[in-house]
Amino acid sequence: MMGWRRRLAAGALFLLTLAATPVLADDRALSELLAPLCAGASAERVAAVDRLLDAVETGAAEPAWALRALEAVGGRRLVCAEGGVFITSGTGVIDAVTSAPGLADAVKAQGAFVDLRLRPYLDMGSAVLRLLASPGGPASGAALGELQKRAKIVPPGLIERAAAEPANAALAPGLRDVMAVAALNDPDPALRIAAIGRLAEAPSERNRTLLRDLSGDAALTSDPVVAAALADGITRIERWLTLGQVAASVYSGLSYASILFVAALGLAVIFGLMGVINLAQGELIMIGAYATFLVQEALKSVLPGLVDYYLLLAIPFAFAASGAVGIAMEVTVIRHLYRRPLMTLLATWAISLLLINLVRVTFGTQNLQFNVPPFLNGGTHVFADFIVTWNRLFAIGFALAVLAAALVVLRRTSLGMYIRAVTENRDMAGCVGVSARRIDLTAFGIGSGLAGVAGLALSPIYTVNPAMGVNFIVDAFMVVVLGGVGSIAGTAAAALGVGMINVTIEPMFGAVAAKVIVLLLIIVFIQFRPEGLFAVKGRR
Amino acid sequence: MDRRDFLKNSAALGAALAAPAIITSRAKAADSLKLGCLFSSSGTMANIEGRMNAVVQMAAAELNAKGGVLGKQVEVLVTDPSSDWPLYAQLGRQLLLQDKCSALFGCWTSVSRKSVLPVVEQNNGLLYYPLHFEGEENSKNVVYLNSPPASSVLPALDYLMGPEGGDAKRFYMLGSDYVWPRTINKICKGYWQSKGFSESAWREQYVPLGFSNFQTIVNDIRKFASEPGGQPIIVLTTVGSSIPDFFKEIINQGIGATDIPVLGLDVLEADLEGLDTAPMVGHLNCWAYLQNAVAPANDAFKANWKGFVEKSNLAYSPTTVIDPMVSAYDGVHMWAKAVEKAGMADPDAVRAASAGISFDCPSGYTIKMTGENNYVSRGVFIGSVNDKQAFDILWQSKDTPTPVPFSPYA
Amino acid sequence: MSEALLIDDVTVAFGSLRAVDGLTLRIEYGAVRAIIGPNGAGKTTLLDVITGKTRATSGRVVLDRTTDLTRLGEAAISLAGVGRKFQKPSVFEALTLRQNLALALRSPARGALAEMLHRPGRDELDRIERVLEIIGMAGSGEKLAGILSHGQKQWLEIGMLLMREPRVLLLDEPVAGMSDEETSRTVELVLALRAPDRAVVVIEHDMDFVERIADLVTVLDQGRLLVEGGMSAVKSDPRVVDVYLGR
Amino acid sequence: MSGLDDVLIGPRRPAPRRGTAPMVAAVLALLGVGVLAAGAGGAGPSAYVLNLIGQIATFGMLAVALDLIWGFAGVLSLGHGLFFAIGGYLVAMHMVKVTFLATGTPPDFMLFMGWDRLPFYYAGLESFAYTSVLVVVVAGLAAFAIGYTAFRSRVAGVYFAIITQAFVYVAMLLMFRNDTGFGGNNGMTGFTEILGQPLADRRTVAWLSGASILAAALTLGGSALLTGSRFGHMLIAIRDDEARLRFLGHDTLWIKLTVWCLSAVLAAIAGMLYVPQVGIINPRVLAPDLSIEIAVWVAIGGRGTLTGAFLGAVLVSALKFLLTAVAPDLWPFILSGLVLVVVVLLPNGLLDIRAVLASRQRRGTP
C-alpha cells in the first residue's frame, strides 16, 4: 500500500511545477523512459512501467505512444540496440520514440523474457492506457475487466482521467469500483464507507476478501459506523455469492445435461425407435467433429472471411458425413441383423473399432486444432462470480434447438409417424404399405446425422481425436435406457436428471465417485422400472 | 462319433494350440544387435507415445550410418502394446526371450514401466525409460534416462515460491488418479511442510484418466484462489487428453497465468498442438529439454528429425520435438557407447560399462551416468508457454544436478 | 360335475381400455367349453389372467373352489394344474420331441444339481411313450421339434400339457393354420382329452371345429358375457349373429 | 416389444451335434499332462511358449464359461471381465501378501499411500486354500447380486447386456482410485512366487500352464455333461422360449441364477490362473471393450457350441499376440473384419462352416 501513497505525493509535486504548460518531454527523455524496460531484473522493469505511467499522468508522454511501447514489451518486441530503443514487428523495425524505420538487423533480436512479476504490471498499464488512448474502443470491456483484477496497483490519477473521458461513460460505474478499492484506505471515513458500499454492490469473492482483510485491521474497525458498514457489506456480498454458486451449479448441470442429451439423441432414435444397439455411436460423433474440422480448413483456404462462422456452416456437412457413414453401416451390416439384437451389438462394436483406426491411419492421432470463433471464446460475468462461458451456452442452445427439431420431425411429420409405426410393429407396418426398408434407412440416417451434429456441438468443448467417442458411449446408453426407450422427451428428461445429479455430487465426492454413483442409481432404477421414465404406452 | 470326426477335431485343436509356437519364429535377421521398442501407437497414449518409435529408429539409423556398433548393424523391432498394460509385459517378454533384444526402449506412464519391470528383472533384460517420473525406484535392470522429482519438480516450485515467480503461498494440486501424480503430490506436501506451510495452504483433487469435463473443478479453483492467504498456483499433474481439456476450461473462465499460474508437470509442446496458446502465455512446465533450447546440438537434432519424418512420411509433426524423444535418442547413443566400451551387448556388461559414460544431449548439457545408480544426470529447464504453441526458456540450471532417486520428502 | 374354475367378476383395464369388463364365468369338470367372440373380445386376455401372464385389475379366479390363482405366479399356477397352449405354437425347437415332453413332466422343484444328475426313471419313459401315442407321433421321439410341421407342433404342445396331467386345459386357437385333415385329427385328440377330472377350454374361430368338440359355448363381446348355451342355440341367437357373424 | 423381438440365436437350427466337447476335453487333458511332463522333464518348448499356451488356455476357459450362459441360456453378459478380475485380484492380493511377508518390501501402493500394514481385507490371504475359497465365494455372491436383481425384474436381452457393461465400467472406475488398497491404476505386479514355487523358474511356468490346460479341459468336459443333462435342456428351453418353460411349472429365475453363478465362478477361476502367468493385474482388465472381446471370441468360435467358444478364444487371442508383435497397425482391422464376417455371414461362427454352407444350398438364399 505504501508504494501508492509515495507516488501520489511525487505526482502532485511534479504537477505543481509544470501546471501551466504541459509540454511533451523531448525525444532523449522519452528514450530514457523506455530504455530500462528493455532488460534487467524484473523489479527495475516494474519501476520503469510505473515511471512511464507517471509520465502519461503528467502529460509528458502520449497514452497511445506509451501503450505501443508496453505492448511491445509484453510481446518481447522491445529491443535496446546501440542506436536507441526499437520495436520489432513481423514486417520491420521502428524507432520506439520517433517511429522512424530503424536498423534492419534488429528484427531477429527478441526482447527480454517477461516473468510473472512484471506481466501483471504490463497488463494493467496496457489496460488503463487503452482506455485513455481509444476511449470506448472495442477492447475497453476487456481492459476494465483487467483493471478490476489489478485494482490495488492501478494509479488513481489515470483511472480518474479515464472515467472522465465522455466516450468511457458506459464503463464509468466499473471504473469507480476500481477507484473504490483505492479509496478503502482513504483517511476520510465518509469516503471509506462510500467505497465499502460500492464494493458491496459488486459482489464477488475478490471484494469479499478485500472487505474481510479490512475488518481485520483494528484501526479501521474502531470507528463503529465503518465497522457496521463493513459487516453489512460482507453479509450482502455473501448472500449474492451463495446465489451465484447455486446459479453456477445449475448452469454447469444444464451444460452437462445438454452434452449428454446431444450425444444420446442419435442413439435414442437408432436404439430407441429402431431397436438397433449401436456401439459405434461415439465414433459417429467423432466423424461429425472431423467433418466440422474439414469445413473449417476448407473455409480457411477458400473463404477466410467466413471462417469465424464455420460452426454454423458445418452443420449440414457434419449431419451428412455421419449420416452417410450410418447409412453405409446399415446397408452393409445392420440390415441382416434386425432380428438379432445381440449380434448387432457385436457388429457395431467391430465397426466402431474399424472407424477409430481408419481415422487414426488417415488423420493421425494428434488432437485437431479448432480456432474457436470469437463469439464462442471466453465468457461473461453475470453476477457474483457466476460466469457463463459462451461455448457451453452454445451447447445448451444447440441441444434445445436439436430437441425441438427432433420432436417436430417425429411428432408432426409423416416420416416421423412411419418411423414410429415401424418401431411399434414392424410386420404390421409392412402390411399397411410402409416400406420398412426405406424407413429403416432414413431413421438410421437421421440417428447417425444427429450424432454428427453432436460432434459439431462438442468440438468447442472437448478435444477431438480418433478415440474421443469412447467416453460418451456408456453415458449415452444409460441416458437412453433411463429416459425410456423410444421416447425423445424421455431422453431429454433423463439427460437433465443425470446432469443435475452429477453436478451436485461432484463437489462432494469428487469426479470419480460422481460418475460411479450416477451409474449405480441408473442401474437400480432400471431394475424397478425396466421400461424407463417415459415408457411408450401399450402392451409390450 | 465315428473315427473321422475324432481325427478332424483333434487336428483342428492341435493346430490351434500350436499357433503360439509358430508366431514366435519371426524372421531372424543376419547377425545384428536388436533393440526392442515398447511404445503404443494405438489406444489413449497413441498421440504422444507413437512418435517415440520413430526417434529410436532415427538414432539407430545414425549409428548404422557410422558403421553400426561393434561392427554390427543395429535393428529396431517395433511393437504396439496399444496402451494395454499387461500387453507391455507380454510383448516385453516376447522381445527379450524370443527376439533376444539386447536392450528395450519403452514405456511412458509409470504403470507401463511397473508392468515391464518384473519381466526385465526376471529375465535380466535392460529397459531404457525416457520419461521423468516419481522416482522411489532403482532397479539394476532399468536405466532411468530422465529426472526424478528432485530435479524435475522442486526447482520449478522454488522459482514460483520465490519473488521472481510471484511468491506463491497456496497450492491447488490437480492430477490424474495414478501413482505418478499421487507420489509427486506427496513429495510436494513434504517439501512445503519442510518450508513451514500448514495443511490449509494446499488442496488435492484427482480425476480419472481421460477425464474431460473440468467445469465444476475450475469453479472450485476460482473459489480457492480468492480465499485469503496469498498468491495461489495450480500444480497440474493430469496427463493425456485431460491437459488440453483443462486449459480450454480455465481460458474460457477467464483465468490467465497472471491470476493463477499453472505448473503443468506433464505438459509438452505436443499437448499444445490443438490449442490457441495466446491466452495461456505465462503458464509453466519443467523438463530436462525444451524445443527452444539454445544449442548447436539441438538445431542438428531438430533438422535430423524433420528430415527423418519427411523421408519416411510419418504422420507426426516434423517441427514438434519433445523431451521424451530427446531422452530416448540420448538413451540409444549412451547404450551404443556402453556396448562399445564393454565390447559386448550382454546386459550385465553394458550396465557395468555405463558408469562414466557421457553424451552431449541436444539440450546443450553433457549428460552422464555415475556408477552409484542407474540414473542419468540431466539439465533442468523451466519453460513458460508462449503464443507459438511452444515454451520460452524462463530458467535453466547451470549444470546437471546429481539425480536423487529416493526423495527425502516422500 | 363340480366346478373346476370360477372367474368371479374379473376386470382387466389397459389405461382406459377395459379388455375384460366385470366377467363372471363357471367352467365345469368333464366338459369341453368353447369360448368364441370377435377379435378384441378379451378371449386371450382372459387366458392371460387365468395363467398369471397379466394381473387382473380386479376380481378373482378360483381353482377347485380352493386356490385364488390371481395370487400365484405363472409357474405356481401351472404346478396347481392349469396347462395352457399358446396361440403361436411354442415348442423347444432345438430339443428332440422326447426332451420336450420330458421337460414338461411335473417335477417337484428339484435343486439344479439333482436336475443335472437326473436319469429318467421307467415310469417317466412309459408316460412319454403314452403321450407320443396319443398325439400320433409315436415313432419320432428322437426327431428335433424344429423340423415338425405347424400342425405337428400344435399337437406336441398339447402333448406337453398332457404330461402335466392338468386339471384345467386351456387351448388358444389349437387348429389355427391347420389343414382340414389335421383339424379333424385334432377333433379326435380333443375329444380323447375329455375326462371326469379335467376341464377343457378351447378358444377358436373355426365354427365347424367348435361345433364338433364343444359341449357348451360361451360368446364374449367387448370383455363381457353375451350369451351361453349349446352350439345350435348360440348359432341362431340374433345377438350373436349381429355382433359376431353378421358384422 | 415386437420391435425389439428378442430372437437370440438367429435362424432356428438344430441342437449342437452331440459329443464334440467331451472328445476335445479328452485331447486337452492329454495336452495338459504332456505340458506338466515337459515342465518336470526339462524337455519341450521354451518357458515363453508354455506361458503363452497357459494364458491362452485360461482365455479358452473364460470363453466356455461365457458360452454356458450366452450360448445355452441365451443371456449375453458383456461384463464377464468383472468376474475374471475378481479371481485375478484375489490371487494377486495373495501373492503380494506372501511376497510382503517373505521379503518385507511393501508393494507400491503402500508406499505412496503411506500405510505401514496391509488393509484389513487382506486378512488370511496368505493361505492359497483360503484365497481359492474366497474367489469362488466372492464371484458367486457378486453374480448372485447382479443376477437376482436383474432376472427378478425380468431384465433380459439387450438391456441385461448394457447393464453388465455398466457394472464392469463402474468397477473399473472404482479400481482406478488409488486409495482402495488394490493398487489403483498401477494395479499389482512384482509377484515372485506362487505356492512356494518361484514364478521365474521354468518348472513353475510349465506347472501353471499345465494346470490351466487341465482346468480348461475340466470346464469343457463338465459343461458338456451339464448341457447334455436335463438341466442343459432347461437352459436351451429358456433360451428358445422362456415363457413356455415358465408355463410348464419351472421357476426359470432360479435356473438362470444357477448357471449365471456357475459361469461367474468359472470365469473367476480362469482369472485366478491367468494372473500368476501374466505377472500383472490392474483395472485395464475391467475395461468394457475387453469384456466385449470375450463375447467376440464366443461369437467367432460359435455360440452354443462349447468347443466353438474354446477354439474361438484360442484362435483370436493367438492372432492378437502374433499381430500386435508382427504387424501392430493391422491388428484392429483384422479383428473388426473377422467379427463382421462372422456376425453377418456365419451366424454360427467358424466351427461349423460346413453346416452353414450345406444349409445355405438347401435354403437358397442367405
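In this text the structure is predicted, and so the values were computed from the model without any measurement. Each chain gets a letter, A, B and so on, in the order its sequence line appears, and its residues count up from 1.
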> Identify which part of A:Pro460 has an atom lying under 4.5 Å from any heavy atom of chain B, answering side chain, backbone, both or neither.
backbone

> Against chain B, label A:Phe363 side chain, backbone, both or neither, depending on which of its atoms sit under 4.5 Å from a heavy atom there.
neither

> Please indicate whether A:Lys300 has more than 12 foreign heavy atoms, meaning atoms of other residues, nucleotides or ligands, lying under 6.0 Å from its NZ.
yes

> Heavy-atom pairs under 4.5 Å with chain B are the metric here; pick the option from A:Leu118, A:Asp115, A:Asn465 that has the most.
A:Asp115

> Most heavy-atom pairs under 4.5 angstrom with chain B, which of A:Lys515, A:Arg76, A:Glu506?
A:Glu506

> Can you tell which part of B:Leu284 gets under 4.5 Å to a heavy atom of chain A, answering side chain, backbone, both or neither?
side chain

> Quick one: are B:Arg222 and A:Ile387 in side-chain contact, heavy atoms under 4.5 Å?
yes

> What part of B:Tyr159 lies closer than 4.5 angstrom to a heavy atom of chain A: side chain, backbone, both or neither?
side chain

> Based on non-hydrogen pairs under 4.5 Å, which of B:Ile251, B:Asp245, B:Leu160 is most in contact with chain A?
B:Asp245

> Which atom pair, heavy atoms only, marks the closest approach of A:Arg117 to B:Pro163?
CD-O, 2.7 Å

> Given a strict heavy-atom distance threshold of 4.5 Å, which part of B:Leu314 is in contact with chain A: side chain, backbone, both, or neither?
neither

> With a 4.5 angstrom heavy-atom cut-off, could you sort out which part of B:Asp167 is near chain A: side chain, backbone, both or neither?
neither

> Please step through side-chain contact (heavy atoms from CB on, under 4.5 Å) for the pair A:Arg392 and B:Asn213, ending with a clear verdict.
CA-CA 11 Å; A:Arg392 288 182 186 276; B:Asn213 185 351; 3.5 Å; yes

> Looking only at heavy atoms, which two atoms of B:Gly282 and A:Leu116 are closest? And how far apart?
O-CD2, 4.0 Å

> Please report the shortest heavy-atom distance between A:Ser252 and B:Gln215, naming the atom on each side.
CB-CD, 3.3 Å

> Taking atom CH2 as the centre, does B:Trp395 end up with more than 12 heavy-atom neighbours from other residues, nucleotides or ligands that are less than 6.0 angstrom away?
yes

> Does any heavy atom of chain A fall under 4.5 Å from the side chain of B:Gln205, the backbone, both, or neither of them?
side chain

> Side-chain contact test, heavy atoms from C-beta onward, threshold under 4.5 Å: evaluate it for B:Lys248 versus A:Asn391 and give yes or no.
no

> Need one label for A:Ser255: side chain, backbone, both or neither, based on atoms under 4.5 Å from any heavy atom in chain B.
side chain

> Can you tell me which portion of B:Leu394 sits under 4.5 Å from chain A's heavy atoms? Options are side chain, backbone, both or neither.
both

> Given the options B:Glu227, B:Arg51, B:Glu249, which has more heavy-atom pairs under 4.5 Å with chain A than any of the others?
B:Glu249

> Please flag which part of A:Phe113 lies under 4.5 Å from any non-hydrogen atom of chain B: side chain, backbone, both or neither.
side chain

> Go through the atoms of A:Arg360 and report whether side chain, backbone, both or neither lie under 4.5 Å from a heavy atom of chain B.
side chain

